[in-house]
Amino acid sequence: MDGEDESHEAGLAVEVDSLVKRYGELVAVDGLSLTIPRGQVLGLLGPNGSGKTTTISCILQLLTYDKGSIHVFGEPMTPTSYGLKRRIGVVPQDVAVFDELTVAENVNAFCALYVRDRAERRSLVAEAIAFVG
């Protein structure tokens, strides 16, 4: 094992260290650190605009972030960590859509958790939208 692997506990499902996410001048997440042990269920509670959805989107790599690090099952989480993403379950509070995204972007965001190839995703997204109209 190299030093990177040893620095992250094997018993942790998620490790977020000093996460910062900004939208222009607005700081949505300001230095968040948290650890979630394997087998634990975590609920994020807070008022609207407190950064819950932004935090989850950063952990899933649906959003880029400005600072910090995210590890899942001891491995760095990256936009192409599809094997890790398949092991994560998320239950949103309301309908599973992001208001700031189009329908196609919403479907693509969730499809991207499981399908790496952009052309394949584009086809699947178009098929899903055509199916539901």
Side-chain angles (χ1 to χ4, degrees):
M1 283 188 148
D2 64 18
E4 176 70 16
D5 292 334
E6 293 171 11
S7 68
H8 298 283
E9 295 181 40
L12 294 178
V14 177
E15 181 180 12
V16 176
D17 185 37
S18 304
L19 181 66
V20 175
K21 171 63 180 168
R22 293 183 183 91
Y23 294 103
E25 295 296 314
L26 173 69
V27 179
V29 180
D30 190 11
L32 174 71
S33 294
L34 67 87
T35 56
I36 306 169
R38 288 179 189 240
Q40 182 175 339
V41 175
L42 173 75
L44 292 178
L45 303 175
N48 289 343
S50 63
K52 301 178 303 292
T53 300
T54 297
T55 297
I56 291 169
S57 296
C58 288
I59 291 171
L60 294 173
Q61 295 291 304
L62 298 174
L63 287 176
T64 58
Y65 49 93
D66 299 288
K67 284 185 175 179
S69 66
I70 298 170
H71 287 75
V72 175
F73 301 119
E75 297 179 37
M77 181 60 120
T78 68
T80 59
S81 296
Y82 296 99
L84 292 176
K85 291 178 183 187
R86 287 186 188 103
R87 298 173 67 188
I88 299 171
V90 176
V91 180
Q93 176 182 344
D94 293 314
V95 177
V97 296
F98 299 108
D99 291 337
E100 62 275 6
L101 301 181
T102 66
V103 170
E105 289 169 336
N106 268 282
V107 174
N108 184 64
F110 288 96
C111 188
L113 295 175
Y114 305 101
V115 179
R116 179 180 189 156
D117 183 77
R118 288 181 184 190
E120 182 180 359
R121 277 200 322 266
R122 206 170 12 259
S123 173
L124 291 169
V125 168
E127 181 181 328
I129 292 172
F131 179 75
V132 298

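- Residues V29 and L42 share a hydrophobic cluster, clusters being chains of Ile/Leu/Val/Met/Phe/Trp/Tyr side chains in contact below 4.5 Å.
- Taking both residues in full, the closest heavy atoms of Q61 and I70 are given as NE2-CD1, 4.0 Å, listed atom of the first, atom of the second, then distance.
- Closest approach of C111 and L124 over heavy atoms only: SG-CD1, 4.1 Å.
- Follow the hydrophobic side-chain contacts under 4.5 Å out from Y114 and you reach F110 in the same cluster.
- Here the CG atom belonging to L19 is positioned 11.5 Å from the NZ atom belonging to K67, to the nearest 0.5 angstrom.
- Under a 3.5 Å cut-off, the side chain of S33 and the backbone N or O of S18 do form a donor-acceptor pair.
- Each of V20 and I56 belongs to its own hydrophobic cluster when Ile, Leu, Val, Met, Phe, Trp and Tyr are linked at side-chain heavy-atom distances under 4.5 angstrom.
- Here the closest non-hydrogen pair linking E105 and T102 is OE1-N, 2.8 Å.
- Side chains of H71 and D17 form no contact here, defined as non-hydrogen atoms less than 4.5 Å apart.
- Here OH of Y65 is found 9.5 Å from CD1 of I59. Values are rounded to the nearest 0.5 Å.
- Cluster note: V103 groups with V107, V125, I129 through ILVMFWY side-chain heavy atoms spaced under 4.5 Å, whether in direct contact or through intervening members.
- A distance-only check finds no donor-acceptor pair linking the side chain of K52 to the backbone of L45 [under 3.5 Å].
- Using a 4.5 Å cut-off on side-chain heavy atoms (C-beta onward), E75 and L84 make contact.
- Annotation: the span from L101 atom CG to N108 atom CG amounts to 9.5 Å, rounded to 0.5 Å.
- Between the side chain of K85 and the backbone N or O of V115 there is no donor-acceptor pair closer than 3.5 Å.
- By the 4.5 Å heavy-atom criterion applied to side chains, S81 and T78 are counted as neighbours.
- Rounded to the nearest 0.5 Å, atoms CG (L34) and CD (E15) are 9.5 Å apart.
- The closest side-chain heavy-atom distance from I88 to M77 is below 4.5 Å.
- The side chain to side chain contact (heavy atoms under 4.5 Å, CB included) test with T55 is passed by exactly one of L60, L32, L63: L32.
- Contact between Y23 and T54 at its shortest, heavy atoms only, is OH-OG1, 3.3 Å.
- Distance check: T64 OG1 to K21 NZ gives 4.0 Å after rounding to the nearest 0.5 Å.
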